Asks: 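Let me begin by handing over the structure; questions about it come next.
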Amino acid sequence: MGPIGVFDSGMGGLTVLRELRRRLPAEDLLYFGDTARVPYGTKGERTVRAFARQDASFLVNRGAKLVVVACNTASAFAIDDLQRELPVPVLGVIDPGVRTALQRTRGGRIGVIATRGTVESGRYQQQLSAAVGPQRVLARACPLFVPLAEEGMVDHPITRLVAWEYLAPLRDAGVDTLILGCTHYPLLKRIIGEFMGPETVLVDSAEALAEAASLTLAEAGLQRDPGGPPGRMEFYLSDIPWMFQEAGARFLGHPIDSVQTVNVNEADWDGHLDLAGKDVS
Ligand code: DGL
């Protein structure tokens with residue numbers, strides 16, 4: 001009955017952790033954010049696959065009973081490796097997001113926005129095209145959304161301008177369902193929704209994933225008693241970025257008191273930082 005291990009390239013995966021906490025409050029959650037090597041979305045496949053293997057092993061070595069790949073880019077490039085190699089079930093964010101989009105689309109015209117890596121991998125497009133046909137799927141990289149979300153510019157004219165630039169082709173193409181295929185985009189849901197209009201369904205892959213995690217645990221007989229005491233959350237990062245406390249709280253939805261640091265090269269614990277300023281070693 002170990003924790004659910006969740007990893008991401010950085011702090012964006014806290015949006016996924018937030019949904020897991022909401023859906024599975026009795027589970028212990030172990031988070032690893034590879035903040036020393038973020039972003040993954042601009043990096044090539046080989047690098048992302050190698051990083052994802054290290055990140056996932058870190059979680060398995062700490063007793064994770066299920067590994068959740070919160071990062072869309074890592075899910076796009078590494079999910080097959082991880083599912084093949086790890087001794088525990090592994091879930092990525094892409095399959096649940098695709099399933100939800102296919103359930104919710106009315107006209108079968110589906111858009112995906114994501115990092116450049118995720119778009120270039122073609123993973124979302126292949127899975128969606130198999131169901132609705134390639135002419136009805138449109139994918140677009142929206143790299144500037146990542147720093148805008150991290151800077152908290154979630155209701156800012158610059159973000160509106162960027163949204164216009166990125167999303168106009170999707171709106172013009174009559175997309176009726178749009179997958180937010182990146183950990184950071186749920187923070188920009190309001191601006192994205194306003195631009196796309198009320199007719200467009202926005203699919204948040206974090207919500208879809210939490211549902212899938214619940215099912216996977218139940219099927220494997222690994223779920224904790226949902227009526228039990230609230231689970232613990234532990235945070236590990238490979239670097240503590242400036243402003244992490246503010247940004248992390250924005251992504252998670254509540255403050256983070258304490259994180260541990262990890263030296264990714266040794267994939268091992270190398271210290272502890274108390275963000276309330278108490279210290280540590
Ligand atoms: N976590 C990444 C994703 O969901 C976004 C940030 C990055 O590029 O590393 O694809």
Side-chain angles (χ1 to χ4, degrees), residues 12-13 15-16 18-20 22-23 41 68-77 79 91-146 148-149 154-155 159-216 251:
T15 56
V16 173
R18 178 186 193 151
E19 289 306 323
L20 284 167
R22 212 199 308 267
R23 186 79 184 70
V68 167
V69 187
C71 177
N72 284 260
T73 312
S75 297
F77 286 130
I79 194 77
L91 282 179
V93 274
I94 293 184
D95 291 4
V98 165
R99 250 193 327 269
T100 305
L102 292 174
Q103 279 158 8
R104 298 186 63 190
T105 181
R106 294 176 312 274
R109 220 167 246 293
I110 305 177
V112 183
I113 51 175
T115 64
R116 207 167 309 276
T118 302
V119 170
E120 291 300 325
S121 79
R123 186 106 192 183
Y124 272 112
Q125 298 93 307
Q126 279 153 20
Q127 296 194 19
L128 291 165
S129 300
V132 296
Q135 320 82 328
R136 308 183 70 79
V137 177
L138 195 57
R140 201 147 157 78
C142 304
L144 290 173
F145 278 166
V146 169
L148 289 167
V154 297
D155 190 21
T159 311
R160 289 209 159 73
L161 209 58
V162 171
W164 180 281
E165 172 70 23
Y166 284 150
L167 302 177
L170 294 148
R171 192 173 70 176
D172 295 349
V175 155
D176 67 67
T177 302
L178 181 63
I179 301 180
L180 309 181
C182 171
T183 46
H184 289 56
Y185 301 175
L187 268 76
L188 304 175
K189 225 183 222 170
R190 198 164 74 214
I191 282 188
I192 295 170
E194 277 168 16
F195 184 80
M196 295 301 291
E199 299 296 299
T200 308
V201 175
L202 301 184
V203 174
D204 178 340
S205 39
E207 286 169 11
L209 176 120
E211 186 60 35
S214 170
L215 275 177
T216 303
F251 280 80

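From a predicted model like this one, the values you see are computed outputs, not experimental measurements.
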Asks: So, does Y185 use its side chain to make a donor-acceptor pair with the main chain of A114 at under 3.5 Å?
Replies: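 Yes; at least one donor-acceptor contact below 3.5 Å.
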Asks: Who passes ring pair (Phe, Tyr, Trp, His ring centres under 6.0 Å) against F251, sequence neighbours left out?
Replies: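 Expected list: H184.
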Asks: Which distance, rounded to the nearest 0.5 Å, do you find between the CG of L20 and the OG1 of T15?
Replies: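 Result: 10.0 Å between the selected atoms.
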Asks: Should the heavy atoms of other residues, nucleotides or ligands under 6.0 Å from CD of E211 be counted, would the total exceed 12?
Replies: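 Enclosed: over 12 neighbouring heavy atoms sit under 6.0 Å from CD of E211.
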Asks: Considering all heavy atoms of both residues, which atom of L138 and which atom of A173 are nearest to each other, and what is their separation?
Replies: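 Result for this residue pair: CD2-CB, 3.7 Å.
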Asks: Using the rule given for side chain to side chain contact (heavy atoms under 4.5 Å, CB included), can you reason through V154 versus R190, listing the C-alpha separation, both sets of side-chain angles and the distance that settles it, and then say yes or no?
Replies: CA-CA 8 Å; V154 297; R190 198 164 74 214; over 6 Å; no
Asks: Going through the checks in order, is the side chain to side chain contact (heavy atoms under 4.5 Å, CB included) test met by L128 and L102?
Replies: CA-CA 8 Å; L128 291 165; L102 292 174; 4.2 Å; yes
Asks: Please list all pairs passing the salt bridge (charged side-chain N to carboxylate O under 4.0 Å, His left out) test where one or both residues lie in residues 103-131, with sequence neighbours left out.
Replies: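 Every pair satisfying salt bridge (charged side-chain N to carboxylate O under 4.0 Å, His left out) with a residue in residues 103-131: D80-R123.
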Asks: Return yes if some donor-acceptor pair links the side-chain N/O of S121 with the main-chain N/O of F77 below 3.5 Å, else return no.
Replies: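 Here the side-chain-to-backbone pair does not exist.
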Asks: Is R140 close enough and on-axis enough to Y166, meaning under 6.0 Å and within 45°, for cation-pi?
Replies: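 No, cation not above the ring by the 6.0 Å, 45° rule.
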Asks: What verdict does the salt bridge (charged side-chain N to carboxylate O under 4.0 Å, His left out) test give for R160 and E194, after you've listed the backbone C-alpha separation in whole Å, the side-chain angles of each residue and the deciding distance to 0.1 Å?
Replies: CA-CA 9 Å; R160 289 209 159 73; E194 277 168 16; 3.2 Å; yes
Asks: Is the backbone of P96 close enough, under 3.5 Å, to the side chain of T100 for a donor and an acceptor to pair up by distance?
Replies: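 Yes; judged by distance alone, with no hydrogens or angles, the pair exists.
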